[in-house]
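Structure first, commentary second.
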Amino acid sequence: MEMQSNFIKTIMEEDLASGKVSSIMTRFPPEPNAYLHIGHARAIITNFELAKMFGGSTNLRFDDTNPVKEDAMFVDAIIEDIRWLGYEPKQILFGSDYFEESYERALLLIRKGLAFVCDLSAQEMSNYRGTLNTPGKESPNRNRTIDENLTLFKAMRNGVYKDGEKTLRAKIDMSSPNINMRDPVIYRIIHINHHNTGNKWCIYPMYDFAHPLQDSIEGITHSLCSLEYDDHRVLYDWFVEKCEMPHIPHQYEFGRLNIANTIMSKRYLKQLVESKLVKGYDDPRMPTLVGLRRRGYTPNSIRNFILSTGLSRINSTVSNEMLETSLREDLKLQLRRVNAVLKPLKVIILNYPEGIIEELELPNNNENEALGMRKILFGKEVYIDRDDFYDGVPEKGWKRLAMGLEVRLMHAYFVRCVDVVRNTDGTISELHCTYDPETRSGSGFTGRKPNGNIHFVEASSAIPATFNLFEPLLVDSDGDRPLEERLNLNSWTTIKGFVESSLKDTVSEDKYQFVRMGYFSADYDSKKGNLIFNRTVELKSSYK
RNA sequence: UGGGCUAUGGCCAAGUGGUUAAGGCAUCGGACUUUGACUCCGAGAUCGGUAGUUCAAAUCUACCUAGCCCAGCCA
């Protein structure tokens, strides 16, 4: 799938055409403090695809300027996720790689009289900032001499002060209607071990200061971020200019992508994991990339999904069906279409000879010959899905089995239900059917039409398997209701059934289309002798 | 009477003054079908509102309305 036209692509084309830039360089700048989710996928895919489209490249840069919130453990996880999606960063870098240069640029700002050391406490600074409707007041320390600022800032770096005791602030405009311009803090004091730089630093640059510098140093041409940074762009440009950065990057904002009924906030995902409502960040119900992967989503399906949603300056919410459609389309021609019975109902074929097992040949994927043929078994006892039998008189239009009706067991024979055997409590224990040898698939029989086609698994060779079926974690999209009330208590169902014998060597992450049932992927816990499949998505169905 | 951003069918989204406003998802018809799948046909918007500019506007202007973001020493 090609990336469709969007405003950023247009900007890049124009910049290239006008000579404003000679090549495209983008970056994906995650903060290493959480697992990546499908929302991040939009940023990753957009940055990489856009650069690739114009022959440019993309850096992965960990935005690790706040050691109190970040953790090295996420670094490897994020790299792994990006590679899984199929992208290779030109370079893997850290914001902390630039601490020395950031410091030098801060010194430059001070020397130019554009930054000062401020003694205000966090609370005082908040009071001085003013409000959305009223201008702020200037810090009493705003007019310190350049020499004094230099001395103080160096002392900050040297660990003379405690956390929060002083900050370095840009000197801009306390009455600006844009609050970001009201003398923003650019360095704060944090005495804590940093995952990369250890205890080398006790002052850390703020995002607004660090980011434009990082972009400039790396030669980023188009720095893409989300809409809420729109108000920060003027500050971004201010730092690039005032710090006299030789390369001038430009920031462009685009909207975030949300999926209906899916919450992606870190706080929420963490809450789900810590309260054990899910089994971890890679729980197949989670919108994390590790969760989607475990569920069975492919990198290509995620990429196509993201590209199909387009890109604009609107925070959009698309339905989950778009993601599901991408998965089906990706896998449709790639996978073997095999038989699995999720809710087994035994069928005895009364007139089929005892002790005979025959082999039936069929295509692995009737839309893709390249996948070849395989054999399945058929015998006197088979399993069909309970949902394929209607206990009673079905409405007309029913296209499966019921007492007295005849259906085709796909690629085998027509069978007619002649008896329903029940347990003492009235539930069905097994079905008795008869088959018609003349209706063997491939024989060219056209004498009559069956009442539908259902799949089956031969009983003696069937391999027991566990199936995990999922529903959304949330039951509705009413964001105003408390989370606890929105949780779907049936989001995970485990059932046991059978798969055809050809699946015996299935290994973790193997994927199949189970005929009429959907796309499934072998779970990480699946192993020979104990097959476990996650249902990634169901097949579409017009049956109500 | 703070600032910024946005507004095209149910959900996304092309479109940047000029034939019947792309496409995808969803929906509803119909054909086909050894997956109620797939595939194939067909159906639906006058572009937030109003008033202007123009021979001509979703595209320009003004005003209005609605939604989102901003007052971390978070990113």
Side-chain angles (χ1 to χ4, degrees), chain A residues 1 4-7 10 29-31 33 63 65-66 68-70 95 118 120-123 125-127 129-136 163-169 175-182 184-190 203-204 206-208 210-211 225-234 253 255 257 260 304-305 307-326 328-329 332-333 337 339 362 366-367 397-400 407-412 414 439 441-442 449-450 452-455 513-518 538-544:
Chain A
M1 183 181 286
Q4 55 188 287
S5 179
N6 63 62
F7 73 104
T10 301
E31 186 182 16
N33 69 351
D63 217 330
T65 55
N66 184 0
V68 318
K69 295 177 67 176
E70 294 144 10
C118 182
L120 255 27
S121 69
Q123 182 55 54
M125 200 180 293
S126 176
N127 296 149
R129 186 153 31 232
T131 71
L132 295 177
N133 298 303
T134 58
D163 288 12
E165 219 175 310
K166 291 202 176 347
T167 57
L168 181 70
R169 294 224 259 163
S175 63
S176 172
N178 181 343
I179 291 180
N180 297 303
M181 299 300 273
R182 316 237 267 225
V185 170
I186 60 183
Y187 264 95
R188 73 289 213 189
I189 299 170
I190 305 174
I203 56 172
Y204 292 92
M206 298 287 288
Y207 169 88
D208 280 328
H211 209 85
C225 61
S226 48
L227 250 27
E228 64 266 33
Y229 290 100
D230 196 314
D231 285 344
H232 297 243
R233 191 176 57 243
V234 55
E253 312 83 27
L257 177 66
N304 289 341
F305 163 68
L307 295 184
S308 70
T309 61
L311 193 67
S312 70
R313 285 181 61 87
I314 295 177
N315 285 321
S316 53
T317 301
V318 301
S319 74
N320 192 258
E321 285 147 325
M322 283 186 78
L323 216 205
E324 296 185 342
T325 296
S326 285
R328 293 188 194 106
E329 281 181 4
K332 181 172 64 184
L333 299 180
R337 312 213 305 197
N339 289 335
L362 69 160
N366 54 14
E367 291 183 275
W398 176 251
K399 296 172 72 171
R400 309 178 189 182
V407 298
R408 170 166 30 220
L409 295 180
M410 291 171 67
H411 302 103
F414 288 15
T439 60
S441 288
K449 295 272 187 212
N453 302 287
I454 66 174
H455 63 286
Q513 181 195 120
F514 289 163
V515 173
R516 302 203 307 134
M517 295 287 104
E538 295 182 69
L539 254 32
K540 269 195 353 187
S541 173
S542 57
Y543 172 62
K544 303 296 189 296

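Note that the coordinates shown come from a computational prediction; the quantities given were computed from them, not determined experimentally. Lettering follows sequence order; numbering is per chain, from 1.
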Handout entry: Residue met sooner reading RNA chain B from 5', once A:Gln123 and A:Asn178 are mapped to nucleotides
Key =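 Nearest-nucleotide comparison on RNA chain B picks A:Asn178.
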Exercise for the section: Select from A:Glu321 and A:Ala122 the residue whose nearest nucleotide in RNA chain B is closer to the 5' end of that strand. Expected result: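 It is A:Glu321 whose nearest nucleotide is closer to the 5' end.
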Could you tell me the separation between the [atom1] atom of [X] and the [atom2] atom of [N], rounded to a whole number of Å?
X: A:Arg188; N: B:rA75; atom1: CZ; atom2: P; answer: 4 Å
X: A:Arg313; N: B:rA14; atom1: CZ; atom2: C1'; answer: 18 Å
X: A:Tyr229; N: B:rC70; atom1: OH; atom2: P; answer: 11 Å
X: A:Asp230; N: B:rC68; atom1: CG; atom2: C1'; answer: 11 Å
X: A:Asn180; N: B:rC70; atom1: CG; atom2: P; answer: 10 Å
X: A:Ile179; N: B:rC69; atom1: CD1; atom2: P; answer: 15 Å
X: A:Leu323; N: B:rC12; atom1: CG; atom2: P; answer: 15 Å
X: A:Gln4; N: B:rC12; atom1: CD; atom2: P; answer: 14 Å

With both distances kept under 3.5 Å, what pairs with [N], Watson-Crick or G-U wobble?
N: B:rU61; answer: B:rA51
N: B:rA26; answer: none
N: B:rA56; answer: none
N: B:rC68; answer: B:rG4

Problem - Aromatic-base stack, A:Tyr543 on B:rG36, cutoff 5.5 Å, angle under 30 - result: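 Taking the rule of under 5.5 Å and under 30°, the ring of A:Tyr543 does stack on B:rG36.
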Problem - Salt-bridge contact A:Glu253-A:Arg313 (side-chain N to carboxylate O under 4.0 Å) - result: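 Result for this pair is yes, salt bridge flagged.
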Problem - Pairing of A:Lys540 and A:Glu321 as salt bridge, 4.0 angstrom limit - result: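 Result for this pair is no, no salt bridge flagged.
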Between [M] and [N] - [atom1] atom distance, rounded Å:
N: B:rA56; M: B:rU46; atom1: C1'; result: 15 Å
N: B:rU16; M: B:rA21; atom1: P; result: 14 Å
N: B:rC47; M: B:rG10; atom1: P; result: 13 Å
N: B:rG29; M: B:rA62; atom1: P; result: 47 Å
N: B:rG49; M: B:rA7; atom1: P; result: 13 Å
N: B:rG48; M: B:rC55; atom1: C1'; result: 28 Å

Between [options], spot the one nearest the side chain of [X], thanks.
X: A:Asp63; options: B:rA75, B:rA26, B:rU35; result: B:rA75
X: A:Leu539; options: B:rA13, B:rA37, B:rG2; result: B:rA37
X: A:Glu329; options: B:rC25, B:rG36, B:rU35; result: B:rC25
X: A:Met322; options: B:rA37, B:rC25, B:rA13; result: B:rC25
X: A:Leu132; options: B:rA71, B:rA14, B:rC73; result: B:rA71
X: A:Val185; options: B:rC73, B:rA75, B:rG36; result: B:rC73

Quick one: is [N] close enough that its OP1 or OP2 comes under 4.0 Å of any side-chain N or O from [X]?
X: A:Arg516; N: B:rG36; result: yes
X: A:Ser542; N: B:rA37; result: yes
X: A:Ser5; N: B:rG15; result: yes
X: A:Lys540; N: B:rA26; result: yes
X: A:Thr309; N: B:rG24; result: no
X: A:Arg129; N: B:rC73; result: yes
X: A:Ser541; N: B:rA37; result: no
X: A:Thr65; N: B:rA75; result: yes
X: A:Thr10; N: B:rU16; result: no

Could you tell me whether [X] contacts a base, only the sugar-phosphate backbone, or nothing, with contacts defined as non-hydrogen atoms closer than 4.0 Å?
X: A:Thr317; answer: sugar-phosphate
X: A:Asn133; answer: base
X: A:Gly255; answer: nothing

Problem - Heavy-atom closest contact (A:His211 atom, A:Asp63 atom, distance) - result: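 Where A:His211 meets A:Asp63 most closely, the heavy atoms are ND1-OD2, 3.0 Å.
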Problem - Glycosidic conformation of B:rG48, taking syn as within 90° of 0 and anti otherwise - result: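 Anti, since the glycosidic angle lies more than 90° from 0.
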Problem - Within 45° cone of A:Tyr543 ring axis and under 6.0 Å: A:Arg400 NZ or CZ - result: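 Satisfied, under 6.0 Å and within 45°.
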Practice task
First locate atom CD1 of A:Ile189, then atom CD1 of A:Ile203, and finally report the distance between them rounded to the nearest 0.5 Å.
Solution key: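 So the gap between those two atoms works out to 8.0 Å.
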Practice task
Drop me the distance from A:Glu70's CD to A:Asn66's CG, to the nearest 0.5 angstrom.
Solution key: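 Separation between the atoms: 5.5 Å.
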Problem - Flag side-chain contact, heavy atom, 4.5 Å: A:Met125 against A:Val185 - result: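 In short, these two side chains touch, coming nearer than 4.5 Å.
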Exercise for the section: Assess whether one donor atom and one acceptor atom, taken from the side chain of A:Gln513 and the base of B:rU35, lie less than 3.5 Å apart. Expected result: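 Answer is yes: a donor-acceptor pair is held.
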Handout entry: Donor + acceptor pair across side chains of A:Asn339, A:His455 (<3.5 Å)
Key =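 Result is no, nothing qualifies.
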